[in-house]
Enquirer: 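Handing you a structure now.
As a basis for the values below, the full set of heavy atoms in this structure was taken, side chains included, without hydrogen atoms, waters or symmetry mates.
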Amino acid sequence: MSGFVSFVSSGPGDPELLTLKAVDRLKHADAVLFDDLSAGPILSHARAGADLVGVGKRAGRVSPKQDHVSRLLVDYAATGARVVRLKSGDAGLFGRLEEEIMALRAAGMGYEIVPGVTSACAAAAAAGIPLTRRLTARRVQFVTGHDVTGQLPDNIDLDALADPHATTVVYMGRRTFPALAGALVARGLLRETPALLAEGVTTEAQRLTLGTVGGLAEALAEATSPAPALILYGPLAEEAADA
């Protein structure tokens, strides 16, 4: 008997931002394999008696290896279980979804993807700004701040990321943003470009810090906080509401 895996997007942390489909899958799951950022109140929607297994990955911390997480998914599904793989934000954005899908396909297991609110949209909403604007911000681009080694990727398109007319969101860029900012300024992006640092979006720990690309780069070069964060920069960041 073969089980089924639902890749459920938990959003940025506020349980009220879960979709109805996400809640339904949690209520009927036999097992929930969850990321660190999906823990807490969101897990209260899980069915009583379901196995709750933490498999989250956090920078600088001991974390389960990806092949171990993929193996767990296959093993649970092989028992005929209804499995929820609970991923923070939207499962399809920087969440290693592809590796886990490939493992299920190789084992002949069925799956579905339940989309959700990504942190970029939640951060913009928390700051009271849109991500796009006619004429001056007609393009949005999401980029990861680090590669599998934890360093700034060496093959990113710096010219595109230095576009002053785009809204750019850097995921997982707390440690590498100083280096990225230096490279962008060298490509012509002004140090005075408005920027927003969003931490703990939609949670009790939410903090929004307004500044500039140059100013945030200097501040982050000396920061040691392990809290999850993303950086948004571009013309619209100037209108963000500090909180």
Enquirer: Is any NZ, NE, NH1 or NH2 atom of the basic residue among Arg191 and Glu218 found under 4.0 Å from an Asp or Glu carboxylate oxygen of the other?
Expert: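 Result for this pair is yes, salt bridge flagged.
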Enquirer: Please round to the nearest 0.5 Å and tell me the distance separating atom CG of Leu180 and atom CG of Leu161.
Expert: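 One finds 6.5 Å between CG of Leu180 and CG of Leu161.
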Enquirer: If every non-hydrogen atom of Ala103 is compared with every non-hydrogen atom of Val74, which pair is closest and at what distance?
Expert: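 Closest heavy-atom pair between Ala103 and Val74: O-CG2, 3.8 Å.
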Enquirer: What's the spacing between Leu220 CG and Arg175 CZ if we round to 0.5 Å?
Expert: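 So the gap between those two atoms works out to 12.0 Å.
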Enquirer: Nearest 0.5 Å, what's the CG-CD1 distance between Leu236 and Ile129?
Expert: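 Answer rounded to 0.5 Å: 6.0 Å.
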Enquirer: For the hydrophobic clusters of this structure (ILVMFWY residues joined by side-chain heavy atoms under 4.5 Å, transitively), does one cluster hold both Val143 and Leu232?
Expert: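 No; Leu232 is not reachable from Val143 via cluster members.
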Enquirer: Could you pull out the closest heavy-atom pair between Leu131 and Thr167, with the gap in Å?
Expert: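 Taking every non-hydrogen atom into account, O-OG1, 2.8 Å.
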Enquirer: For a 4.5 angstrom cut-off between non-hydrogen side-chain atoms, does Leu33 reach Leu86?
Expert: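 They are not in contact (no side-chain heavy atoms under 4.5 Å apart), so the answer is no.
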Enquirer: Are the side chain of Thr19 and the backbone N or O of Ala22 linked by a donor-acceptor pair below 3.5 Å?
Expert: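 It does hold such a pair.
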Enquirer: Test side chain to side chain donor-acceptor pair (under 3.5 Å) on Glu192 and Thr212 and set out the steps.
Expert: CA-CA 5 Å; Glu192 296 74 27; Thr212 64; over 6 Å; no
Enquirer: Is the backbone N or O of Ala91 less than 3.5 Å from a side-chain atom of Ser9, with the two atoms forming a donor-acceptor pair by type?
Expert: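 Side chain of Ser9 to backbone of Ala91: a pair is present.
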Enquirer: Can you see which heavy atom on Leu184 is nearest to which on Leu158, and at what distance?
Expert: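 Smallest heavy-atom distance, with atoms named: CD2-O, 3.8 Å.
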Enquirer: Taking 4.0 angstrom as the limit, do Asp159 and Arg187 come out as a salt bridge?
Expert: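 Between Arg187 and Asp159 there is a salt bridge, with a charged N closer than 4.0 Å to a carboxylate O.
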Enquirer: Please check if the side chain of Ser38 supplies one atom and the backbone of Ser88 the other of a donor-acceptor pair under 3.5 Å.
Expert: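 It does hold such a pair.
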Enquirer: Take atom CD of Glu199 as the centre, draw a 6.0 Å sphere, and report whether it contains more than 12 heavy atoms from other residues, nucleotides or ligands.
Expert: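 It does: Glu199 CD has more than 12 such atoms within range.
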Enquirer: What heavy-atom pair brings Asp90 and Gly116 nearest, and what distance separates the two atoms?
Expert: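 So the minimum-distance heavy-atom pair works out to OD1-N, 2.9 Å.
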Enquirer: Evaluate the side chain to side chain contact (heavy atoms under 4.5 Å, CB included) criterion for residues Ile101 and Leu97: first the C-alpha distance (whole Å), next the side-chain angles of each, then the deciding distance (0.1 Å), finally the verdict.
Expert: CA-CA 6 Å; Ile101 285 176; Leu97 177 62; 3.6 Å; yes
Enquirer: So which of Arg71, Glu99, Glu100 actually passes side chain to side chain donor-acceptor pair (under 3.5 Å) with Gln66?
Expert: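 Of all the options given, the one that passes is Glu100.
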Enquirer: Please determine, by modelled atom types, if Gln141 and Thr168 share a side-chain donor-acceptor pair under 3.5 angstrom.
Expert: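 Per modelled atom types, Gln141 and Thr168 side chains form a pair under 3.5 Å.
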Enquirer: Is the closest side-chain donor-acceptor distance between Tyr111 and Arg85 under 3.5 Å?
Expert: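 There is no such pair between these side chains.
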Enquirer: Minimum heavy-atom separation for Pro15 and Pro41, please, with both atom names.
Expert: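 Heavy atoms of Pro15 and Pro41 come nearest at CG-CB, 3.9 Å.
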Enquirer: Whether the side chain of Arg139 engages the backbone of Ala166 through a donor-acceptor N/O pair (distance < 3.5 Å, no angle test) should be reported.
Expert: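 Between the backbone of Ala166 and the side chain of Arg139 there is no qualifying donor-acceptor contact (under 3.5 Å).
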Enquirer: Are Tyr171 and Phe142 an aromatic pair by the rule of ring centers under 6.0 Å?
Expert: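 Yes, ring centres under 6.0 Å apart.
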Enquirer: Using 0.5 Å steps for rounding, measure from the OG atom of Ser119 to the CG atom of Leu230.
Expert: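 Ser119 atom OG to Leu230 atom CG measures 6.0 Å (nearest 0.5 Å).
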Enquirer: Between Asp35 (side chain only) and Leu37 (backbone N and O only), is there a donor and an acceptor less than 3.5 Å apart?
Expert: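 Checking the backbone N and O of Leu37 against the side chain of Asp35, no donor-acceptor pair under 3.5 Å is found.
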Enquirer: So, do Pro235 and Arg133 sit near enough that their side-chain heavy atoms are less than 4.5 Å apart?
Expert: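 Yes, close enough: below the 4.5 Å cut-off.
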Enquirer: Between the main-chain N or O of His28 and the side-chain N or O of Arg82, is there a donor-acceptor pair closer than 3.5 Å?
Expert: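 Present.
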Enquirer: Under the 3.5 angstrom rule, does the side chain of Lys87 hit a backbone N or O of Gly95 as a donor-acceptor pair?
Expert: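 Present.
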Enquirer: Between the main-chain N or O of Arg138 and the side-chain N or O of Thr132, is there a donor-acceptor pair closer than 3.5 Å?
Expert: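 Here the side-chain-to-backbone pair does not exist.
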Enquirer: Which pair of non-hydrogen atoms, one from Tyr233 and one from Leu189, has the smallest distance, and what is that distance?
Expert: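 Answer, listing the atom of Tyr233 first, then Leu189: CE1-CD2, 3.8 Å.
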Enquirer: So, Tyr76 and Asp30: side-chain donor and acceptor under 3.5 Å apart, yes or no?
Expert: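 No, because no side-chain N or O of Tyr76 sits under 3.5 Å from a partner of the opposite role on Asp30.
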Enquirer: Once rounded to the nearest 0.5 Å, what's the spacing between atom CG of Leu210 and atom CG of Leu208?
Expert: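 Spacing of CG (Leu210) from CG (Leu208) equals 7.0 Å.
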Enquirer: Could you check if a side-chain atom of Val213 sits within less than 4.5 angstrom of a side-chain atom of Phe177, using non-hydrogen atoms only?
Expert: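 They are in contact (side-chain heavy atoms under 4.5 Å apart), so the answer is yes.
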Enquirer: Is there a donor-acceptor pair closer than 3.5 Å between any side-chain N or O of Thr203 and the backbone N or O of Ala205?
Expert: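 Here the side-chain-to-backbone pair exists.
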Enquirer: Can you measure from CG (Leu17) to CD1 (Ile42) and round to the nearest 0.5 angstrom?
Expert: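 Rounded to the nearest 0.5 Å, the CG-CD1 separation comes to 8.5 Å.
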Enquirer: Are the side chain of Thr144 and the backbone N or O of His146 linked by a donor-acceptor pair below 3.5 Å?
Expert: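 Pair found, side chain donor or acceptor close to backbone of His146.
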